[in-house]
Asks: 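Got a structure for you, questions after.
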Amino acid sequence: MESAAERFARMLHLASKRTPDNAAFAPPIVNTSIYALPPDPSGAYQYARWGNPTWTALEEALGVLEDAEAVTFPSGMAAIAAVFYATLKPGDRVLLPADGYYTTRICADRYLAPMGIAVETVATARLEACAVEDYRLVMIETPSNPLLDLADIAATCARVRAAGGLSVVDNTTMTPLGQRPLDLGADLVVSADTKALNGHSDVLFGHVAARNAQLMAAVRDWRRIVGAIPGPFESWLVHRGLETLEVRFARMCASAQALAERLAAHPAVHEVRYPGLPGHPQHALARRQMTSGGALIGLTLADKAAAERFIAACPLLRPATSFGGVHSSAERRARWGDQVAEGFLRVSIGCEPTEVLWQALERALSA
Ligand SMILES: *Cc1c(COP(=O)(O)O)cnc(C)c1O
């Protein structure tokens, strides 16, 4: 079987083999709204709401990484909404993570519930003890945000499937390199490629992937009909970002592991949450279903003032709400109303050289 590394290498060389003359390394940015059509139109390129060659190049690359069919969207939320609308109907019940991406829950409460779809939530750490049998769709987000609790993807998806439901994993945090939900039995994967997959904090993007052609046809139809389509330039940017995902993600995760260990030993730090630390309550599960502890660290300092002082004092930590980019960033999650300590920070480790980043963090902790 092809290894993850072999798959990534094959993906890298795919685009350059698909350009019209097989010579250009990068796919063309095709800015067009219409295509010249034969008398009996057929194929993917009939009108630009249906298809665009720049999306196709990226979808083929994502398809190799996911080992599945992939459909791209202009944001992570557009991808998530596409899965909801393509699979749910009135009378269905949906189970969402109570500690998953906040806007996913807002979307369900505001738009699905009034259509007669029952929306329920459960904390990620309690999913294992929760009956998942009566739901049409169960969404899993692991590690959760911001506390980095884990859910057992294989065990949950098996239970959902046995009961005839659909399991959807939001794999934004780990990317297809860090966690393989479809291999673990998930029906669908959604991803906010805005984060680590693109990685350069310069575009919003998303994708859906699945190995069931019928499901993917429904997702593709949703995009074609409602017009939630990505722009060619954004698709090209994400494709470019994707080509360095392997080196970026390896650096980010290796740094995060090293820094989490040192932060945990620092006297100014109250607590470190990181799936790659043996002290994480689900460390054994992390080792089973993730290729690393990821690039996010939950860091608790004494209080709000200490946390804000730490961010302000560290020149290599940008205060920002997103994560997964090449620049390390951090924010106090209580400012958004998350149920966490006032001194709790979500730190996203970027691609800075590890020792330089550690020195900056250590100086800021002592400031
Ligand atoms: C950011 C994020 C989203 C939404 O992505 P957008 O591109 O901002 O729409 C969805 N899920 C997770 C886990 C995210 O982090």
Side-chain angles (χ1 to χ4, degrees), residues 2 4-33 35 44-45 48-80 82 171-180 182 189-210 216 219-220 223-224 228-252 295 322-327 350-351:
E2 190 179 37
E6 287 166 342
R7 197 162 45 225
F8 194 85
R10 179 159 65 87
M11 184 279 291
L12 271 184
H13 284 269
L14 191 66
S16 64
K17 289 177 180 154
R18 300 287 164 89
T19 49
D21 54 3
N22 282 335
F25 269 53
I29 303 173
V30 181
N31 281 319
T32 191
S33 58
Y35 303 93
Y45 307 127
R49 191 166 8 83
W50 296 31
N52 174 291
T54 316
W55 309 346
T56 306
L58 173 58
E59 288 173 357
E60 285 184 353
L62 288 169
V64 169
L65 276 199
E66 296 280 15
D67 201 4
E69 186 180 345
V71 172
T72 50
F73 286 91
S75 68
M77 279 315 304
I80 290 166
N171 202 33
T172 297
T173 310
M174 291 309 291
T175 84
L177 297 184
Q179 187 164 264
R180 310 280 304 158
L182 297 174
V189 160
V190 293
S191 168
D193 302 334
T194 307
K195 312 289 169 48
L197 195 137
N198 177 61
H200 292 74
S201 310
D202 50 10
V203 63
L204 269 78
F205 212 80
H207 78 267
V208 177
M216 289 313 288
V219 168
R220 206 176 276 282
R223 180 179 68 176
R224 183 168 59 84
I229 58 168
F233 181 59
E234 286 73 13
S235 307
W236 185 89
L237 274 178
V238 172
H239 201 152
R240 189 164 91 152
L242 178 63
E243 295 196 325
T244 55
L245 175 62
E246 201 263 343
V247 280
R248 283 186 289 107
F249 200 63
R251 161 65 67 83
M252 289 157 66
S322 197
F323 60 86
V326 293
H327 324 86
C351 290

Asks: Just by distance, do the side chain of Thr194 and the backbone of Gly206 share a donor-acceptor pair under 3.5 Å?
Replies: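 Answer holds: no.
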Asks: Quick check: closest heavy atoms across Ala82 and Val219, and the distance to 0.1 Å?
Replies: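 Closest pair (atom of Ala82, atom of Val219, distance): CB-CG1, 4.4 Å.
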Asks: Do we see a donor-acceptor contact under 3.5 Å between the side chains of Arg49 and Ser33?
Replies: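 The criterion, which ignores hydrogens and geometry beyond distance, is not satisfied for Ser33 and Arg49.
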Asks: Within a reach of under 6.0 Å around NE2 of His327, are more than 12 heavy atoms found that belong to other residues, nucleotides or ligands?
Replies: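 Count not over threshold, so no.
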Asks: In Å and rounded to the nearest 0.5 Å, what is the CE to CG distance from Met11 to Asp67?
Replies: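 One gets 13.0 Å once the value is rounded to the nearest 0.5 Å.
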Asks: Please tell me whether Tyr45 and Thr32 have a donor and an acceptor in their side chains that are separated by less than 3.5 angstrom.
Replies: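 On atom types as modelled, these side chains do not qualify, holding no pair under 3.5 Å.
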Asks: For Ala210 versus Ala68, what's the shortest heavy-atom pair and its separation?
Replies: O-CB, 3.4 Å
Asks: Using only atom types and a distance under 3.5 Å, with no angle test, would you say the side chain of Ser201 pairs donor to acceptor with the backbone of Gly325?
Replies: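 Flag not set: sc Ser201 to bb Gly325 has no pair under 3.5 Å.
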Asks: Between Arg251 (side chain only) and Gly350 (backbone N and O only), is there a donor and an acceptor less than 3.5 Å apart?
Replies: no
Asks: Between His207 and Glu59, is the side-chain hydrogen bond (donor to acceptor under 3.5 Å, both in side chains) condition met? List the steps.
Replies: CA-CA 9 Å; His207 78 267; Glu59 288 173 357; over 6 Å; no
Asks: Donor-acceptor pairs under 3.5 angstrom involving side-chain atoms of residues 233-243: please list them, not counting sequence neighbours.
Replies:
from   : atom 1 : to     : atom 2 : distance (Å)
Ser235 : OG     : Gly231 : O      : 2.8
Trp236 : NE1    : Pro27  : O      : 3.1

Asks: How far does CH2 of Trp50 sit from OH of Tyr35, to the nearest 0.5 angstrom?
Replies: 12.0 Å
Asks: Does some side-chain heavy atom of Pro230 sit less than 4.5 Å from a side-chain heavy atom of Phe205?
Replies: yes
Asks: Would you confirm whether Arg180, through its side chain, and Pro176, through its main-chain N or O, come within 3.5 Å as a donor-acceptor pair?
Replies: yes
Asks: Which value, rounded to the nearest 0.5 Å, describes the distance between Asp193 atom CG and Thr172 atom OG1?
Replies: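 Reported value, rounded in 0.5 Å steps: 7.5 Å.
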Asks: In Å, rounded to the nearest 0.5 Å, how long is the span from CZ of Phe323 to CE of Met252?
Replies: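 Nearest 0.5 Å value for the CZ-CE distance: 9.5 Å.
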Asks: Mind checking whether Val71 and Leu62 have side chains closer than 4.5 Å, heavy atoms only?
Replies: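 No. Closest side-chain heavy atoms not under 4.5 Å.
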Asks: Sequence neighbours left out, what passes side-chain contact (heavy atoms from CB on, under 4.5 Å) with Ser322? Give chain and number order.
Replies: Lys195
Asks: Identify the residue among Asn31, Ile229, Val30 that makes a side chain to side chain contact (heavy atoms under 4.5 Å, CB included) with Asn52.
Replies: Val30
Asks: Rounded to the nearest 0.5 Å, what separates atom CD in Glu60 from atom CH2 in Trp55?
Replies: 14.0 Å
Asks: Kindly say whether Phe73 contributes a backbone atom to a donor-acceptor pair with the side chain of Arg223 at under 3.5 angstrom?
Replies: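 No, because the side chain of Arg223 does not come within donor-acceptor range (under 3.5 Å) of the backbone of Phe73.
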Asks: Could you pull out the closest heavy-atom pair between Val189 and Glu66, with the gap in Å?
Replies: CG1-OE2, 3.8 Å
Asks: Please name all residues satisfying side-chain contact (heavy atoms from CB on, under 4.5 Å) with Gln179, sequence neighbours left out, ordered by chain then number.
Replies: Thr142, Ile153, Asn171, Met174, Pro181, Gln289, Met290
